[in-house]
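Any value given below was found using the heavy atoms of this structure, including those in side chains, with hydrogens, waters and symmetry copies removed. Every value quoted in this text rests on a predicted model; they were computed, and no experiment measured them.
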Number of protein chains: 2
Amino acid sequence: MPYTYEYARAALTVDCVVFGLDDTGLKLLLIKRAIEPFQGCWALPGGFVRIGESLVEAAKRELREETGLEGFFLEQLYTFGDLNRDPRERVVTVVYYALVNLRDHLPHGASDASGAAWFDVQDLPKLAFDHDKIIDTGLARLKGKVRYQPIGFELLPAKFTLSELQRLYETILERPLDKRNFRKKVVQLGVLDETDEVQEDVAHRAARLYRFNRKRYAQLVKRGFNFEI
Amino acid sequence: MPYTYEYARAALTVDCVVFGLDDTGLKLLLIKRAIEPFQGCWALPGGFVRIGESLVEAAKRELREETGLEGFFLEQLYTFGDLNRDPRERVVTVVYYALVNLRDHLPHGASDASGAAWFDVQDLPKLAFDHDKIIDTGLARLKGKVRYQPIGFELLPAKFTLSELQRLYETILERPLDKRNFRKKVVQLGVLDETDEVQEDVAHRAARLYRFNRKRYAQLVKRGFNFEI
DNA sequence: ACAAAAGTGTTGAACGTACACCCATGC
DNA sequence: GCATGGGTGTACGTTCAACACTTTTGT
């Protein structure tokens, strides 16, 4: 069932830069391409935008189909439209980035036999198309945004320790932070609720668990408050 | 000469949110639509992306064709792809925003008979499509970015007074700034060169003219410096 | 008892904020 | 000489950065 237009049209795709975090560092979800071009290469999950779905819907669908993920933070990153991105024809891709919490969603390592796998962002394989450039853009955005928007919490389980939160910032910002200053700062922001639970099964003193309070954050923002770490 | 594809394809356009600044406030460049849909409505300059041009090229071409502008700051803003943006068919638009210096480029008011005109952002007419939403996104970006990237200078002539710079920030951030503190701050940043010229034809003491030093800024950024106002 | 990480305060330096007057120029 | 905006410094409070030891728990 062919579709005909007066002028040539570019193909439109979505791709997703999916970040996760575990105790060995920041991770990125890639899938192994089953078909040409770049068959066998690792690539960002993504695919064609259908005529009846919006861009975010397309991104969510692709992630569900290719990786089984659902219910994650998803935000538009950038649109890449250079002429020779794809050797077959003109393809414009709208890229989203997602933040998922590896502890609750996927134990760790590869998800299943679907060809998806988590890679350390410091040690990525050769990638298809211009996906290396796209990932650089995603990393830059994450690094820039994490300091003034509370998106870091999306990479952690609902309840987390202050040390986990600190390691998150240290990993993303790629620099060490002072423990006492960090704790003072995040607690003073007033968007963390202290729970009455502590870690379990750790071979040392168990740390208190905290929770990010989204409602409180929204209230404070209305009053002109600025999140910043 | 028709083009045929196996699946339906969305049309791809670029639109431009063009900001300018004069002494009455922040301005936006709009064009009056000559054809349906929304004939006679004001709209953002823009049009279809050709198969042989990149997205930025398309944005630059549309601005040249529709408004005569050249040589301005241009950066991708966001891509809008909801299903019913355009009543005719599925249209995905990649939006860029531009910053132009009204004093050097266009005297003021409308540019020519092309149907383009400058509007105060506080007092915009009814707009075609979802262009009001796009403009809100552009304003939010400008407001957010002007504080930590030296993009404000793009709205001023090459040589400007500190008072002009202050008015720029006050206009965009929509709040008054303290004159002495502002001057201390921007001078300490070390990216302004004091020229040995002063204003001419003003009915009071002439202010010294300054210039933004792009090279110096790039050097400082390499050394880890953060622009912030 | 030892290993491992949790938790906790103080001080000095830098920075942000509030604030008012004299100066130079054109009319 | 007056109206208009240009240009300047200080004092106070807040925030940031550097820094080390005790506590808790499991093994």
Spacing of [X] atom [atom1] relative to [N] atom [atom2], expressed in whole Å:
| X | N | atom1 | atom2 | value |
| --- | --- | --- | --- | --- |
| B/Gln166 | D/dG7 | CD | P | 12 Å |
| A/Arg183 | C/dG9 | CZ | C1' | 14 Å |
| B/Ile229 | C/dT17 | CD1 | P | 13 Å |
| A/Leu192 | C/dG7 | CG | P | 13 Å |
| B/Phe182 | C/dG16 | CZ | P | 13 Å |
| A/Phe160 | C/dA6 | CZ | C1' | 16 Å |
| B/Asp201 | D/dG6 | CG | P | 15 Å |
| B/Lys179 | C/dA20 | NZ | P | 13 Å |

I need the [X] [atom1] to [Y] [atom2] distance, nearest 0.5 Å.
| X | Y | atom1 | atom2 | value |
| --- | --- | --- | --- | --- |
| A/Arg211 | A/Glu197 | CZ | CD | 7.0 Å |
| B/Leu69 | B/Glu62 | CG | CD | 13.0 Å |
| B/Leu26 | B/Glu174 | CG | CD | 9.0 Å |

Handout entry: Phosphate OP1/OP2 of D/dG7: any B/Arg208 side-chain N/O under 4.0 Å
Key =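 B/Arg208 to D/dG7 OP1/OP2: no side-chain N or O under 4.0 Å.
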
Handout entry: side-chain N/O A/Ser163 vs C/dA5 OP1/OP2, d < 4.0 Å
Key = no

Handout entry: Side-chain-base donor-acceptor pair under 3.5 Å for B/Lys185 and C/dG16
Key =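 No pair found.
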
Practice task
Determine whether any donor atom in the side chain of B/Lys184 lies under 3.5 Å from an acceptor atom in the base of D/dT10, or the reverse, and answer yes or no.
Solution key: yes

Practice task
For the pair A/Asn101 (side chain) and A/Asp104 (backbone), establish whether a donor and an acceptor sit closer than 3.5 Å, ignoring hydrogens and angles.
Solution key: yes

Problem - Residue of the set A/Leu189, A/Val146, A/Leu165 for which side chain to side chain contact (heavy atoms under 4.5 Å, CB included) holds with A/Ile229 - result: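 One option only clears the test, and that one is A/Leu189.
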
Practice task
On DNA chain D, check which nucleotide each of A/Ala206 and A/Asp178 is closest to and give me the residue with the more 5' one.
Solution key: A/Asp178

Exercise for the section: Tell me which of B/Arg180 and A/Asn181 sits closer to the 5' end of DNA chain D, going by the nucleotide each one is nearest to. Expected result: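 Looking at DNA chain D, the more 5' nearest nucleotide goes with B/Arg180.
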
Handout entry: Residue A/His204, side-chain atoms from C-beta onward, closest of C/dG26, C/dA6, D/dG6
Key =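 Side chain of A/His204 sits closest to C/dA6.
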
